[in-house]
Amino acid sequence: MCLAVPGKVLERQDMLATIEVGGVTRKVSLMLLPEAQVGDFVLIHAGFAVQRIDEEEAEKTLALFKELEEYAANE
């Protein structure tokens, strides 16, 4: 199963971006999504930004991940 995680592009330098996901920042390659810009929300998979998504969709997905995290913590 493959899982892509939404994140927001905070900085961009050539084909490398700093992405924020749930308060954590990571460096991500933009080789597969060169049109991504600062402020965009993107899906990240295996260290690569693979698709741009709108902010509303990103927030919904992150909220679902948070629910799963809380559920797992209470099991």
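- Taking 4.5 Å as the limit, every side-chain heavy atom of Lys8 sits out of range of all side-chain heavy atoms of Asp40.
- With hydrogens and angles disregarded, a donor-acceptor distance shorter than 3.5 Å links the side chain of Glu20 to the backbone of Gly22.
- Side-chain contact between Val42 and Ile19 is present, with heavy atoms from C-beta onward closer than 4.5 Å.
- Note that CG of Leu62 and CD of Glu67 are 12.0 Å apart. Values are rounded to the nearest 0.5 Å.
- Thr18 places a side-chain heavy atom less than 4.5 Å from the side chain of Lys27.
- Between the CZ atom of Phe48 and the CD1 atom of Ile44 there is a distance of 12.5 Å, given to the nearest 0.5 Å.
- Residue Gly7 comes nearest to Val21 through the heavy atom pair CA-CG2, 3.7 Å, listed as atom of the first residue, atom of the second, then distance.
- Between Leu30 and Arg12 there is a side-chain heavy-atom pair separated by less than 4.5 Å.
- In this structure, CZ in Arg26 is found 13.5 Å from CG in Leu10, a value given to the nearest 0.5 Å.
- Rounded to the nearest 0.5 angstrom, Phe41 CZ and Thr61 OG1 are separated by 11.0 Å.
- Counted within 6.0 Å of CD on Glu56, heavy atoms from surrounding residues, nucleotides or ligands total 12 or fewer; the atom is thus considered open.
- We find the CD-CD distance between Glu75 and Glu70 to be 13.0 Å, quoted to the nearest 0.5 Å.
- The two atoms that bring Ala49 and Leu32 nearest to each other are O-CB, 3.7 Å, heavy atoms only.
- The hydrophobic clustering, which links ILVMFWY residues whose side-chain heavy atoms are closer than 4.5 Å, places Leu16 and Val38 apart.
- At least one side-chain heavy atom of Met15 sits less than 4.5 Å from a side-chain heavy atom of Pro34.
- Separation of atoms CD (Glu59) and NZ (Lys66) is listed at 13.0 Å; rounding is to 0.5 Å.
- The hydrophobic clustering, which links ILVMFWY residues whose side-chain heavy atoms are closer than 4.5 Å, places Leu3 and Leu33 together.
- The minimum heavy-atom distance linking Leu43 with Ala4 is given by the pair CB-CB, 4.0 Å.
- The shortest non-hydrogen separation linking Val28 to Gly47 is CG1-O, 3.5 Å.
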